[in-house]
Amino acid sequence: MKSPLLSLPGAVPAEGVDEGVAAHYGDLFREQRAFADGTGFVDLSHRGIVSVTGDDRLSWLHLLLTQHVSDLPTGRATEALILSAHGHIEHALYLVDDGTTTWAHVEPDTQDALIAYLESMKFFYRVEVADRTAEFAIVHLPAGSIAEVPEGVVVRETPYGRDLFLPRTDLESYATNDEGAAKHGPAVGLLAYEALRVEHHQPRLGFETDHRTIPHELGWIGSAVHLEKGCYRGQETVARVQNLGKPPRRLVFLHLDGSEVHLPPHGTELRLADEGPDGRKIGFITTSVRHHELGPIALALVKRNVPLDARLVADKTAAAQEVVVEP
């Protein structure tokens with residue numbers, strides 16, 4: 001679904017899973033600085049939106065999700081996962097309840113599979129699940145933003161900013177006035193949003209995850225997984241790893257060699273620098289970005305036993321690690 005905001009001056013389309021919105025609007029670092037200062041907005045209208053209504057919605061979701069949501073207060077943001085029977089991450093949901101409806105935004109093009117699973121689990125519960133992607137679009141305001149929120153718009157507020165569930169027909173008028181001037185600060189592209197996501201060590205489904213990722217590896221315990229609730233698929237794996245063992249891999253934050261022209265893309269193999277180019281693979285790059293202050297940085301998954309002070313290399317790019325998930 002192509003965003004109308006791609007018609008704004010300087011817009012350069014994003015690619016891959018983020019196709020349909022702008023990667024940037026002509027000045028990546030200016031956009032990052034504005035975003036970090038609490039101004040502007042990010043068009044996330046390519047993300048999927050799912051709603052759940054009905055009297056049983058929260059108690060029903062509580063049985064399916066990794067998060068404790070049975071008593072979720074109106075307006076409080078949370079996040080949750082859906083796991084496989086073996087505890088591997090299948091879906092990530094970013095939730096808020098407005099008192100009558102639970103809203104969630106999810107990764108682009110994952111809403112159909114999510115809805116199919118939810119529909120299969122309805123049984124006798126009084127719930128209705130709907131795909132609202134065609135009706136609503138996510139607009140993100142950064143932390144500290146003083147931009148006004150249109151009346152009646154559902155807001156999901158977190159320490160990192162606010163997600164607006166904006167009617168899709170209002171997307172263009174929210175961004176600009178009749179003369180084409182910006183109404184809520186500069187438009188900020190997805191690359192700036194991703195740079196701050198990496199800076200804040202926030203994992204993203206499909207980037208920091210693969211088919212065998214468990215929540216412990218990414219630091220999602222606590223923020224998306226509640227350890228004192230039961231009755232969800234994959235709970236046995238979560239409890240076993242939490243109480244009896246350690247995850248096989250861990251998320252790390254990397255400072256990359258700034259002299260390299262190209263960033264190592266997703267999936268680039270990581271090796272120990274001391275072992276040379278033919279050394280054993282100890283992990284891979286999940287997301288790499290250019291940050292307006294930190295330079296080239298990345299998130300990566302590495303084997304749990306990789307020494308914390310080990311010098312790493314991604315293809316030909318040297319990398320120094322900082323701990324995100326403790327070994």
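All values derive from a computational prediction rather than experimental measurement.
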Hey, what do you get for CG (Leu118) to CD (Gln111), rounding to the nearest 0.5 Å?
12.0 Å
How long is the span from the CD1 atom in Ile49 to the CD atom in Glu135, to the nearest 0.5 Å?
9.0 Å
Before accepting this row, confirm whether a basic side-chain N of the pair [X]/[Y] lies closer than 4.0 Å to the acidic partner's carboxylate O.
{"X": "Glu19", "Y": "Lys2", "answer": "no"}
{"X": "Arg249", "Y": "Asp210", "answer": "yes"}
{"X": "Asp97", "Y": "Arg57", "answer": "yes"}
{"X": "Arg197", "Y": "Glu208", "answer": "yes"}
{"X": "Asp18", "Y": "Arg204", "answer": "yes"}

Please list all pairs meeting ring pair (Phe, Tyr, Trp, His ring centres under 6.0 Å) that have one or both residues in residues 306-327, counting only residues at least two apart or in different chains.
none
Under 3.5 Å: donor-acceptor pair, side chain of [X], backbone of [Y]:
{"X": "Asp131", "Y": "Thr133", "answer": "yes"}
{"X": "Glu107", "Y": "Gly206", "answer": "no"}
{"X": "Gln67", "Y": "Glu79", "answer": "yes"}
{"X": "His291", "Y": "Glu293", "answer": "yes"}

Are His68 and His62 close enough, and set up right, to give a ring pair (Phe, Tyr, Trp, His ring centres under 6.0 Å), and what steps lead you there?
CA-CA 6 Å; His68 196 300; His62 185 79; 4.5 Å; yes
List the residues meeting side-chain contact (heavy atoms from CB on, under 4.5 Å) with Lys122, not counting sequence neighbours, and say none if there are none.
Trp60, Glu119, Val127, Glu128
Any side-chain heavy-atom pair of Tyr232 and Val238 under 4.5 Å:
yes
Verify whether one side chain among Asp98 and Thr100 offers a donor that lies under 3.5 Å from an acceptor in the other.
yes
Step by step, work out the ring pair (Phe, Tyr, Trp, His ring centres under 6.0 Å) result for His140 and Phe35.
CA-CA 10 Å; His140 181 80; Phe35 191 61; 5.8 Å; yes
Check the pair Tyr174 / His184 against ring pair (Phe, Tyr, Trp, His ring centres under 6.0 Å), numbers first and verdict last.
CA-CA 8 Å; Tyr174 179 83; His184 299 285; 4.0 Å; yes
Flag the pair Trp103 / Phe136 as yes when their ring centroid distance falls below 6.0 Å, and as no otherwise.
yes
Going by side-chain hydrogen bond (donor to acceptor under 3.5 Å, both in side chains), name the pairs with one or both residues in residues 306-327, residues two or more places apart or in two chains.
Arg250-Gln321, His255-Glu322, Asp274-Arg311
